[in-house]
Amino acid sequence: MAYIRYIAASDAEPRLLELYDRYADARGTLDNILRIHSLNPPSMEHHYDLYRHLMAGPSPLSRVQREMIAVIVSAENDCFY
């Protein structure tokens with residue numbers, strides 16, 4: 001498994017900490033797929049915006065269909081996301 005360095009919340013500058021808080025779940029956990037963008041906070045915002053657009057934006061596919069596609073692609077890539 002690859003290792004990508006990231007900035008811990010305890011070491012984050014105010015802007016990055018704001019993003020951590022914005023994108024964390026109800027328990028305060030931030031997915032690693034977003035955390036890896038900590039060295040480039042604008043990329044974290046862009047990644048999240050793209051994900052939200054693909055999963056919830058206008059589309060002929062339902063949300064369930066999009067989730068099923070994501071699961072199949074992740075399984076084919078041996079990715080637990």
Side-chain angles (χ1 to χ4, degrees):
M1 174 158 187
Y3 175 78
I4 300 173
R5 186 170 71 88
Y6 67 88
I7 298 171
S10 59
D11 297 326
E13 298 288 328
R15 176 68 179 126
L16 179 58
L17 193 55
E18 175 188 324
L19 295 175
Y20 277 12
D21 290 342
R22 181 187 311 166
Y23 300 134
D25 64 18
R27 298 175 311 213
T29 303
L30 182 69
D31 289 335
N32 288 333
I33 198 74
L34 289 174
R35 188 185 320 270
I36 63 171
H37 292 283
S38 64
L39 298 176
N40 184 355
S43 72
M44 183 185 296
E45 289 182 287
H46 296 309
H47 179 144
Y48 185 83
D49 290 345
L50 175 62
Y51 172 78
R52 293 303 311 153
H53 177 75
L54 293 174
M55 297 307 286
S59 173
L61 300 176
S62 71
R63 177 68 189 253
V64 170
Q65 289 170 317
R66 296 180 224 197
E67 290 288 348
M68 289 187 324
I69 292 168
V71 168
I72 291 167
V73 170
S74 292
E76 285 297 312
N77 289 325
D78 291 324
C79 176
F80 61 86
Y81 282 105

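Only heavy atoms go into these numbers, but all of them, side chains included; no hydrogens, no water, no symmetry mates.
- Residues satisfying the salt bridge (Lys or Arg N to Asp or Glu O under 4.0 Å) criterion with Arg52, sequence neighbours excluded, are absent altogether.
- For Ser10, there are no side-chain hydrogen bond (donor to acceptor under 3.5 Å, both in side chains) partners, not counting sequence neighbours.
- Hydrophobic clustering, with ILVMFWY side chains joined whenever heavy atoms are under 4.5 angstrom apart, groups Tyr20 together with Ile33.
- Listed by chain and number, the residues in a salt bridge (Lys or Arg N to Asp or Glu O under 4.0 Å) with Asp78 amount to none (sequence neighbours excluded).
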Quiz: residues 36-44 side-chain donor-acceptor pairs under 3.5 angstrom, not counting sequence neighbours:
residue, atom, partner, partner atom, Å
His37, ND1, Ser43, OG, 2.9
His37, NE2, His47, ND1, 2.7
Ser38, OG, Ile7, N, 2.7
Ser38, OG, Arg35, O, 3.2
Ser43, OG, Asn40, O, 2.6

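- Listed by chain and residue number, Arg15, Arg22 satisfy the salt bridge (Lys or Arg N to Asp or Glu O under 4.0 Å) test with Glu18 (two or more places apart in sequence, or in another chain).
- For the atom pair Tyr6 OH and Asp11 CG, the distance stands at 10.0 Å (nearest 0.5 Å).
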Side-chain donor/acceptor pairs under 3.5 Å, residues 54-72, sequence neighbours excluded:
residue, atom, partner, partner atom, Å
Ser59, OG, Leu61, N, 3.0
Ser62, OG, Val64, N, 3.4
Ser62, OG, Gln65, N, 3.0
Ser62, OG, Gln65, OE1, 3.4
Arg63, NE, Glu67, OE2, 3.2
Arg63, NH2, Glu67, OE2, 3.1
Gln65, OE1, Ser62, N, 2.7
Arg66, NE, Leu61, O, 3.2
Arg66, NH1, Leu54, O, 2.8
Arg66, NH1, Met55, O, 3.3
Arg66, NH1, Gly57, O, 3.0
Arg66, NH2, Gly57, O, 2.9
Arg66, NH2, Leu61, O, 3.1

